[in-house]
Amino acid sequence: MRSLQLPLRAGPAALLLILCLQLGFNKALENPPRRKVLHFHLDMPRTAKPNEEVSVKLELRTELRECMVVRAQLRSNVRMKGHFNQKFTGCLCEDNPFTFFWDFYSKNTAKIAILIDVINEKDICDDISVVPNEGNQQYIVRTLFIH
């Protein structure tokens, strides 16, 4: 009789342990950490003098394991001189961040939008590239004050 009491006492404890482990395992499967599609750092002056060269530098990186084709461009509410209207396209991978540069001139204070799109274009990346379902378009708006 005593030999049967030990397994019966361990049974509820073992069931409770299994239940806790199962709940913890399910919780880990429900919410995997989300990888961010685009991280960016923008280096752009806030002020400039009329007709002074303005340089903009945009650094992009991703947490996705797959490579993707990105296009970056500038838009403004006033006309700009120089390389303002250039669109840049490149292959962005987790281990290969990408940097875009623009140099332009302005006579007037302007709102400038930097647009970043993940696009579906062939022959840019060596490997297969992806277009994520969400987070594939971002923009940054800055004001350039001319004084």
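We count residues from 1, following the sequence as given.
F88 and V69 end up in different hydrophobic clusters when Ile, Leu, Val, Met, Phe, Trp and Tyr side chains are linked at under 4.5 Å. A chain of hydrophobic side-chain contacts below 4.5 Å, direct or via other Ile, Leu, Val, Met, Phe, Trp or Tyr residues, connects L92 to W102. Note on L42 and F104: same hydrophobic cluster, where clusters join Ile, Leu, Val, Met, Phe, Trp and Tyr whose side-chain heavy atoms are under 4.5 Å apart, directly or indirectly. F101 and I116 fall into different hydrophobic clusters, where Ile, Leu, Val, Met, Phe, Trp and Tyr side chains are chained together by heavy-atom contacts under 4.5 Å. Hydrophobic cluster membership differs between I124 and M68, with clusters built from Ile, Leu, Val, Met, Phe, Trp and Tyr side chains linked at under 4.5 angstrom.
Contact annotation: the side chain of T47 approaches that of H147 to within less than 4.5 Å [non-hydrogen atoms, C-beta and beyond]. The shortest distance between side-chain heavy atoms of V70 and I119 does not fall below 4.5 Å.
Across all their heavy atoms, P45 and V54 have their closest contact at CG-CG1, 3.8 Å. Minimum interatomic distance between S76 and A110 (heavy atoms only, all atoms of both residues): OG-CB, 3.6 Å. Nearest heavy atom pair, residue N136 against residue V131, reads ND2-CG1, 3.8 Å. When all heavy atoms are compared, the tightest approach of M44 to V56 is CG-CG2, 3.7 Å.
Here the CG-CD1 distance, from L144 to I112, works out to 5.0 Å after rounding to the nearest 0.5 Å. The structure places CG of L60 at 11.5 Å from CG of N96, a figure rounded to the nearest 0.5 Å. Between the CZ atom of R79 and the OG atom of S106 there is a distance of 11.5 Å, given to the nearest 0.5 Å. Put simply, CZ on F100 and CD on Q73 are 11.0 Å apart, with the number rounded to the nearest 0.5 Å. Taken to the nearest 0.5 Å, the CG atom of L115 stands 8.0 Å off from the CG atom of L74.
When the shell of 6.0 Å around CG of N51 is examined, it contains more than 12 heavy atoms from other residues, nucleotides or ligands. In this structure, Y105 places its OH atom where only 12 or fewer heavy-atom neighbours from other residues, nucleotides or ligands lie under 6.0 Å away. Residue-environment remark: NE2 (H39) exceeds the threshold of 12 foreign heavy atoms within 6.0 Å.
Listed by first and then second residue, the salt bridge (charged side-chain N to carboxylate O under 4.0 Å, His left out) pairs that reach into residues 52-65 are K57-E59, sequence neighbours excluded. The stretch residues 97-117 participates, sequence neighbours left out, in these salt bridge (charged side-chain N to carboxylate O under 4.0 Å, His left out) pairs: R71-D117.
Residue L58 forms a side-chain contact (heavy atoms from CB on, under 4.5 Å) with just one option from I140, D43, T99, and that option is I140.
Between C91 and C67, the gamma sulfurs sit at a distance of 2.5 angstrom or greater.
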